[in-house]
Amino acid sequence: GLFLSLLLGVSAFGQVMLGPGCAVVIDPAEPAALRRAAEDLAADLSRVLGRPSTVAVAAPPGPHIVVCLSRPCPAGVERPSGAETLRIQTAGGAVVLTGSDLRGAIYAVYEFAERFLGVEPLHYWLDQEPRRLSRITVPETPLPTPEELRLLRETPLTLGPPSFRYRGWFINDEDLLTGWCPARTPGAAISLECWDRIFEALLRLKGNMIVPGTFIFPDEPQVRAASERGLIITQHHLEVLGTNTYRWPEDQPYALATHPQLLLNAWRNSLRAYRPEQEVIWTVGFRGKHDVPFWRDDPSAGATDEERARTIRKAIDLQVELVRNERPGAYLLMNAWREAAPFIRRGLLSPPPGVTLVWPDNGHGLIEDEGRIGPGQGVYYHTAMFNSAANQLTEMVPLERIERELGRAARAGATEYLLVNTSDLRPVVLTTEAVMRLAWDSRPWTGPSGGQAARFLDEWCRRQYGAKAAPPAANYYRAYFAAPGRYGPAEEDTLADNAYHTFARFILLAMLTGRKQAPARHLEPGTSFDEFLALAGKAVSEARPRWKQARDLALQAAPLVETSRRPFFSFHVMAQLGVHEHSNRMLGEVIEAWRAPQGEPRMRHLRGAEAAARSVLDALRSAGYGKWKGFFSYDLFVNVRHTLRLIQAELARSQGLPVPADTVLLPLPQDSYLLLKAYQGARRVPVD
């Protein structure tokens, strides 16, 4: 009885016990994306159990795992109903992973890896190795478990459908990834190996769609690779129907009013560049070529908001007709970015029937609906953002803001679509995971008692740093998100990593050129240069003790962090803290340099600013350990090195020396996409 059951790996209580080397069984006729997930599971088993696991086509003797969808599952196992629903259960001495559809089955594979093997969904990006186990026990029936095992080991386990129908990422302004893992083959910027790590992480977090890069063509290799992984392809607000407007032909007008056929041709050609079998969510809308209002490219389109809104609607109607003719039944959405959102709020614009309205945030996690969000709508959200003021190198969207903003979207029934702009992903793993957990199951985030943000942070710190370090680490993160200086009345008017350097460069350029100009895009209308200086100086001064408090809390947590997790702690805590603390000091020194008399008083502050900027670069370099070596070396958008060059140029000028000839006297030295998209060469959008 009991001895034989244990020998076979099935206990007297119905448990299946998986030991080292257990196989993952999947029929070769199953979808390729599901087989890729099964291969990931075999790799997870090998790491956890210490002996290679294989992917097999036939069930071996003894306990094993079966992954099934289109082929018959073992007797006693039924696929669940509902969209993207997963099921984990035991049957006949095997663990069976299946789902209601392809992604449901894929999620079952990764849910098993997380719950039973301890593999973090973002394990690659977190440097998280699962703990070694001698065996894995999977019960056959639900068992009462203590709270610490709440994730549990209960089967059958059925999860889904998800709270948000479509959930995914936009890998945007991808300078860091481009520099860190460049493509080794023509036609792409980032290596397919790196893209596959992104796709895997997204699927492990139960995402189902992706925008694989900015200013891309529909036939680029990462687009095809994402589809092969089982992900839906979607598009951002600028690349409607997949049209790469950054590569619009220089000799052709971009004007719907006067040359509509060129745009129609471009949209049709882009639509047809996707493979027929690819699953695509189509974005409709109309902006200018370089993510500006379209009337900058086409002044003839109308001078009033009413006329401009009508032009956007005309473009959308044409795009909808194209898609419905080419792909009947396709899913369409309108991402109401920038001018479109106020047009909608004022009643000047609305998407046509059958097109989902997606409300954008403002780049800082605040949805721009002004309370109008409603059932059947969606959200475009940022955990990272390049807009010369927000965060791109570090975390900066408070978890409580995520809970509040996306929670109210979920309560309003705006759960059709949630696209998360993660930029280069690794700097924002904490907030990105939080958003994806909410997207899959919003119930804990929308309950009447609230507080899920705090609970999530506590649990995340425990998983990342260990039980002893978790409480002080959580205290550090709370202090970190509260520390930045505030330069304006709005909730987002905080000194994130980009703002420090943008503000400092405007002041340095005033010193170097004599032209006083405030960064008007990020200030209240009419703010003068002197008022800008006063606001920035006050923000820096008030933040200084808060950053010191955050550092003290980080140092309290550091010795308690589990040894294996210290490299990640050095990146996500110490390096990111260093970016803010030293950038805050740098901006303060630049402001004081402006205020100081010419000569030694000014140079003293400039030398202080130079030292602080170098410390920011040192903090970024310190995050480049192991496989992450050089991750921040291709920083083009925040561009700390340009800030340093302008400081050095003004220091030279103050010493009576010539400004270095290669100094670019602009807030940013170049259009960064000239570098990031150089691989596209002379390729342009076909308009004939």
Side-chain angles (χ1 to χ4, degrees), residues 386-389 393 484-488 493-544 579-618 635-672:
F386 170 67
N387 66 356
S388 300
L393 303 177
R486 302 189 60 79
Y487 58 85
D493 290 342
T494 55
L495 291 171
D497 51 59
N498 211 164
Y500 299 114
H501 294 271
T502 296
F503 288 6
R505 291 195 288 257
F506 269 78
I507 300 166
L508 290 162
L509 288 168
M511 294 185 205
L512 286 160
T513 67
R515 295 190 299 272
K516 295 196 300 183
Q517 183 180 354
R521 178 181 175 187
H522 309 294
L523 301 170
E524 291 289 295
T527 303
S528 70
F529 185 81
D530 290 339
E531 289 169 333
F532 155 60
L533 279 176
L535 290 169
K538 184 173 182 286
V540 165
S541 178
E542 291 178 349
R544 195 173 293 119
V579 168
H580 283 274
E581 195 173 24
H582 299 309
S583 293
N584 192 72
R585 180 163 59 93
M586 179 274 301
L587 177 56
E589 292 282 16
V590 168
I591 293 169
E592 291 305 316
W594 170 268
R595 292 171 174 166
Q598 289 280 2
E600 182 54 34
R602 172 170 288 190
M603 289 190 288
R604 182 172 65 253
H605 288 297
L606 288 169
R607 284 192 288 267
E610 180 184 29
R614 290 188 183 280
S615 293
V616 176
L617 291 171
D618 288 342
D635 162 34
L636 299 177
F637 289 109
V638 176
N639 210 326
V640 179
R641 289 176 180 80
H642 186 52
T643 309
L644 177 59
R645 283 192 288 270
L646 291 180
I647 294 169
Q648 292 168 335
E650 174 57 19
L651 186 56
R653 194 190 67 83
S654 297
Q655 293 170 321
L657 300 172
V659 171
D662 62 349
T663 303
V664 180
L665 297 180
L666 294 170
L668 280 175
Q670 74 276 313
D671 175 0
S672 298

Student: Does the side chain of S583 pick up a donor-acceptor pair with the side chain of H501 at under 3.5 Å?
Tutor: yes
Student: One pair to check against side chain to side chain contact (heavy atoms under 4.5 Å, CB included): V664 and H642. What are the steps and the verdict?
Tutor: CA-CA 9 Å; V664 180; H642 186 52; 4.3 Å; yes
Student: Would you say that M603 contacts L651 through its side chain, given a criterion of any heavy-atom pair below 4.5 Å between the two side chains?
Tutor: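 They are in contact (side-chain heavy atoms under 4.5 Å apart), so the answer is yes.
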Student: What closest approach, in Å, do G588 and V540 show between heavy atoms, and which atom pair accounts for it?
Tutor: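 That closest heavy-atom pairing would be CA-CG1, 3.7 Å.
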Student: Write down the atom of S654, the atom of Q598, and the distance for their closest heavy-atom approach.
Tutor: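 Closest heavy-atom pair between S654 and Q598: OG-OE1, 4.3 Å.
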Student: Might you point out which heavy atoms bring F529 and I507 nearest each other, and give the distance in Å?
Tutor: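 Closest approach of F529 to I507, heavy atoms only: CZ-CA, 4.3 Å.
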Student: With rounding to the nearest 0.5 angstrom, report the CG to CG distance, D493 to L523.
Tutor: 8.0 Å
Student: Rounded to the nearest 0.5 Å, what separates atom CG in L512 from atom CZ in R653?
Tutor: 6.5 Å
Student: Under 3.5 Å, is there a donor on one side chain and an acceptor on the other for H580 and Y500?
Tutor: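 Yes, because at least one side-chain N or O of H580 sits under 3.5 Å from a partner of the opposite role on Y500.
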Student: May I ask you to check whether T643 and R505 show a side-chain donor-acceptor distance below 3.5 Å?
Tutor: yes
Student: Within a strict 4.5 Å, meaning less than it, do heavy atoms of the V590 and H605 side chains meet?
Tutor: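 Counting from C-beta outward, V590 and H605 never come under 4.5 Å.
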Student: Mind listing the closest non-hydrogen atom pair of M586 and A609 along with its distance?
Tutor: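 Scanning both residues completely, I find the closest heavy atoms to be CG-O, 3.7 Å.
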Student: Hey, what do you get for CD (E589) to CD1 (I647), rounding to the nearest 0.5 Å?
Tutor: 9.5 Å
Student: Considering all heavy atoms of both residues, which atom of S388 and which atom of T502 are nearest to each other, and what is their separation?
Tutor: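 Between these two residues, the closest heavy atoms are O-OG1, 2.6 Å.
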Student: Test your reading of the model: is there a side-chain donor-acceptor pair from S541 to the backbone of G537, 3.5 Å cut-off?
Tutor: no
Student: Under a 4.5 Å cut-off applied to non-hydrogen side-chain atoms, are L666 and L646 in contact?
Tutor: no
Student: Look at the aromatic rings of F532 and F503 and report parallel, tilted or perpendicular, splitting at 30° and 60°.
Tutor: perpendicular
Student: Please determine if E542 and K538 form a salt bridge, counting it only when a charged side-chain N lies under 4.0 Å from a carboxylate O.
Tutor: yes
Student: Nearest heavy-atom pair of G485 and A543: which atoms, and what distance?
Tutor: N-CB, 3.4 Å
Student: Mind checking the CD-CG spacing from E592 to L587? Nearest 0.5 Å is all I need.
Tutor: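 One gets 10.5 Å once the value is rounded to the nearest 0.5 Å.
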Student: Report the C-alpha separation of N639 and Q670 in whole Å, then their side-chain angles, then the decisive distance to 0.1 Å, and conclude whether the side chain to side chain contact (heavy atoms under 4.5 Å, CB included) test is met.
Tutor: CA-CA 11 Å; N639 210 326; Q670 74 276 313; 4.2 Å; yes
Student: Does any part of the side chain of L665, heavy atoms only, come nearer than 4.5 Å to the side chain of T663, both counted from C-beta?
Tutor: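 Side chain of T663 against side chain of L665, heavy atoms only: contact under 4.5 Å found.
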Student: Look only at the side chain of T494 and the backbone of A496, and say whether a donor-acceptor pair between them is shorter than 3.5 Å.
Tutor: no
Student: Please round to the nearest 0.5 Å and tell me the distance separating atom CD of Q648 and atom CG of L606.
Tutor: 10.5 Å
Student: Does any pair with a residue in residues 519-531 pass salt bridge (Lys or Arg N to Asp or Glu O under 4.0 Å), and if so which ones, sequence neighbours excluded?
Tutor: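 Every salt bridge (Lys or Arg N to Asp or Glu O under 4.0 Å) pair that includes a residue of residues 519-531, provided the two are not neighbours, is K516-D530.
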Student: Just do the side chain to side chain contact (heavy atoms under 4.5 Å, CB included) check on R585 and E581 with the steps written out, would you?
Tutor: CA-CA 6 Å; R585 180 163 59 93; E581 195 173 24; over 6 Å; no
Student: Considering only heavy atoms from C-beta outward, does the side chain of V638 approach that of V640 to under 4.5 Å?
Tutor: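 Yes, close enough: below the 4.5 Å cut-off.
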Student: Measure the spacing between CG of L533 and CZ of F506 and express it to the nearest 0.5 Å.
Tutor: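 L533 atom CG to F506 atom CZ measures 12.5 Å (nearest 0.5 Å).
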Student: With a 4.0 Å cut-off on N to O distance, would you call R614 and E610 a salt bridge?
Tutor: yes
Student: So R602 and E650, salt bridge (charged side-chain N to carboxylate O under 4.0 Å, His left out) or not? Walk me through it.
Tutor: CA-CA 10 Å; R602 172 170 288 190; E650 174 57 19; 3.5 Å; yes
Student: May I ask you to test the W594-M511 pair for a side-chain heavy-atom distance under 4.5 Å?
Tutor: yes
